[in-house]
Protein chains: 2
Amino acid sequence: MGWMTTTEGPARRRQVRAERAAVDKFEQRRAELASSALTTLADRGFANTSLRDIAENSPYSHGVVHYYFSDKLELMQHCIRQYKQDCVKHYDEILDTATTPKELREGFADAMVMTLRDETTLHRMWYDLRNQSMYTCELVGVIQEIDQLLEQMVWRVVSRYSELAESPSRMSSPVAYSLYDGLFLRALIDYLAGKPESAETLRRECAGLLAMLCP
Amino acid sequence: MGWMTTTEGPARRRQVRAERAAVDKFEQRRAELASSALTTLADRGFANTSLRDIAENSPYSHGVVHYYFSDKLELMQHCIRQYKQDCVKHYDEILDTATTPKELREGFADAMVMTLRDETTLHRMWYDLRNQSMYTCELVGVIQEIDQLLEQMVWRVVSRYSELAESPSRMSSPVAYSLYDGLFLRALIDYLAGKPESAETLRRECAGLLAMLCP
DNA sequence: CAAAAATCTTGTCAAGCGTCAAGATCTCTG
DNA sequence: CAGAGATCTTGACGCTTGACAAGATTTTTG
């Protein structure tokens with residue numbers, strides 16, 4: 001046994017390494033294209049994004065898309081999964097650092113406002129894709145994954161707040177998420193409609209809602 | 001003076017009537033097309049609806065659209081305004097009939113559930129169009145009109161509830177609307193994803209939120 | 001280094017889009 | 001009823017789309 005048998009000589013090992021490298025490269029290209037797609041989707045919207053647009057925002061030509069993805073839909077799915085990985089990063093560290101209800105309340109509200117300001121178009125895209133999933137059943141699965149992730153994030157905040165405030169939450173996890181989602185979506189729409197003050201409004205509302213959920 | 005001068009003889013009056021009839025007919029055709037457009041948008045979505053699709057759901061051929069509308073966008077705008085007229089009808093009568101907090105709470109929750117069940121695709125379309133308005137600034141105006149209408153409707157319910165419960169509301173009008181919108185949108189997504197039980201969940205949540213807003 | 005495999009570019013295809021214009025058809029007017 | 005005007009159909013246009021295939025180019029293999 002061990003790693004030096006007749007069937008696993010140096011040649012074989014080299015081949016394995018090569019295969020792994022090839023796979024990695026393949027996945028890396030897919031990631032690259034998906035990233036270009038995210039950029040494009042963010043500023044042009046699902047309805048107005050063509051595969052050529054996406055390729056133009058990448059180092060490659062339009063034909064390459066079909067080399068790495070079978071379909072426009074498959075690209076979209078990969079796209080959304082990729083978005084998912086970054087979308088709740090900031091929030092968890094707030095949970096760890098906050099030690100008082102007030103701190104958590106304001107930290108969370110801050111984070112929401114930052115998200116609104118710094119990732120405006122990215123979240124516009126999220127809502128656009130989620131809407132698409134109401135028409136395109138192939139997207140339902142991936143969208144649900146992210147929705148779940150976001151719900152869990154909100155719930156971690158709410159239940160931690162409940163701990164710190166020593167008061168039980170008055171709402172279930174899905175409801176808490178729906179409410180915060182409603183607030184954020186409204187703020188986003190207003191923000192994009194040319195009302196920058198909606199950011200500060202969102203801050204107050206987020207903090208207020210948290211206080212309301214655990215009186 | 002009066003209506004029988006030399007310039008306003010029978011001929012003139014007939015002409016006026018004809019003109020009015022022509023105008024009415026013109027407006028009626030626009031309404032007819034807008035209605036077909038609403039049907040089409042509701043089941044195919046903004047991204048997948050062409051002017052030919054719309055014409056196919058109408059008694060006319062595709063060319064006629066450009067006889068009554070200068071533009072696809074103008075049709076959309078007319079469309080949305082038309083949707084607006086029906087979208088909050090049911091709710092006001094609940095306000096008039098309810099005499100106790102419980103009655104209002106359950107009446108309102110009922111109405112929301114009915115809307116979810118009976119006008120599923122129509123409201124999917126509403127969210128689709130509202131999303132489009134984040135990319136297409138020509139739509140912002142009309143969308144805001146409806147958003148305002150919906151907000152006012154929610155606010156009438158909340159403040160009436162506050163009266164009946166003899167307890168001041170803890171939330172502003174925009175916040176109340178955002179929260180209910182969040183609940184409804186979530187229920188709609190789940191409902192369309194094949195979870196009919198989300199209707200009953202929505203009922204409980206709507207009633208619960210009202211109770212929470214005015215403790 | 002040469003053959004083979006992987007990767008990328010380019011050009012093409014049919015289909016569908018919004019828009020428009022010419023002319024058929026219907027309706028009203030004098 | 002004849003002519004005029006309003007209304008509607010039909011077919012066409014230039015363009016974009018997702019998809020694909022043939023071949024150029026690069027990378028890997030023996």
Practice task
Indicate, with a heavy-atom threshold strictly under 4.0 Å, whether Y68(A) touches base, sugar-phosphate, or nothing.
Solution key: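 Sugar-phosphate, backbone atoms only, no base.
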Exercise for the section: Starting from P on dT10(C), measure out to OH on Y60(A) and report it in whole angstrom. Expected result: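 Y60(A) atom OH is separated from dT10(C) atom P by 15 Å.
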Problem - Nucleic acid contacts - residues 128-136 of chain B versus DNA chain C, non-hydrogen atoms under 4.0 Å - result: none
Handout entry: salt bridge (charged side-chain N to carboxylate O under 4.0 Å, His left out) partners of R117(B), counting only residues at least two apart
Key = E200(B)
Problem - Sequence-distant partners of C206(B), side-chain contact (heavy atoms from CB on, under 4.5 Å), two or more places apart - result: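 If we apply the side-chain contact (heavy atoms from CB on, under 4.5 Å) test to C206(B), skipping adjacent residues, the hits are A109(B), M112(B), Y180(B), L202(B).
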Extract all donor-acceptor atom pairs below 3.5 Å that involve side chains of residues 188-197 of chain A and protein atoms in other chains or at least two apart in sequence.
unit_1  : atom_1 : unit_2  : atom_2 : d
D190(A) : OD1    : R186(A) : NH1    : 3.3

Who passes side-chain hydrogen bond (donor to acceptor under 3.5 Å, both in side chains) against [X], sequence neighbours left out?
{"X": "R160(B)", "value": "E163(B)"}
{"X": "S133(A)", "value": "none"}
{"X": "Q82(A)", "value": "none"}

Side-chain atoms of residues 61-72 of chain A: list all donor-acceptor pairs with protein atoms under 3.5 Å, sequence neighbours left out, distances to 0.1 Å.
unit_1 : atom_1 : unit_2 : atom_2 : d
S70(A) : OG     : E74(A) : OE1    : 2.9
K72(A) : NZ     : T49(A) : O      : 3.1

Problem - salt bridge (Lys or Arg N to Asp or Glu O under 4.0 Å) contacts touching residues 31-46 of chain B (sequence neighbours left out) - result: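 Counting only pairs at least two positions apart or across chains, the salt bridge (Lys or Arg N to Asp or Glu O under 4.0 Å) contacts touching residues 31-46 of chain B are R29(B)-E32(B), R44(B)-D53(B).
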Practice task
Sequence neighbours left out, what passes ring pair (Phe, Tyr, Trp, His ring centres under 6.0 Å) with F184(A)? Give chain and number order.
Solution key: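 Partners of F184(A) by the ring pair (Phe, Tyr, Trp, His ring centres under 6.0 Å) criterion, ordered by chain and then number, come out as H123(A).
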Problem - Exercise: do N57(A) and T39(A) side chains pair donor with acceptor under 3.5 Å - result: no
Practice task
Tell me whether the OP1 or OP2 atom of dT7(D) has a side-chain N or O from Y67(B) closer than 4.0 Å.
Solution key: yes
Completion exercise
Heavy-atom contacts, protein to nucleotides 10-22 of chain D, under 4.0 Å, summarised as B (base), S (sugar-phosphate only) or - (none) per nt, yield BBB----SBB---
Exercise for the section: Please round to 10 degrees the angle between the axis of the first five pairs and the axis of the last five pairs in the helix from dC1(C)-dG30(D) to dG30(C)-dC1(D). Expected result: 0°
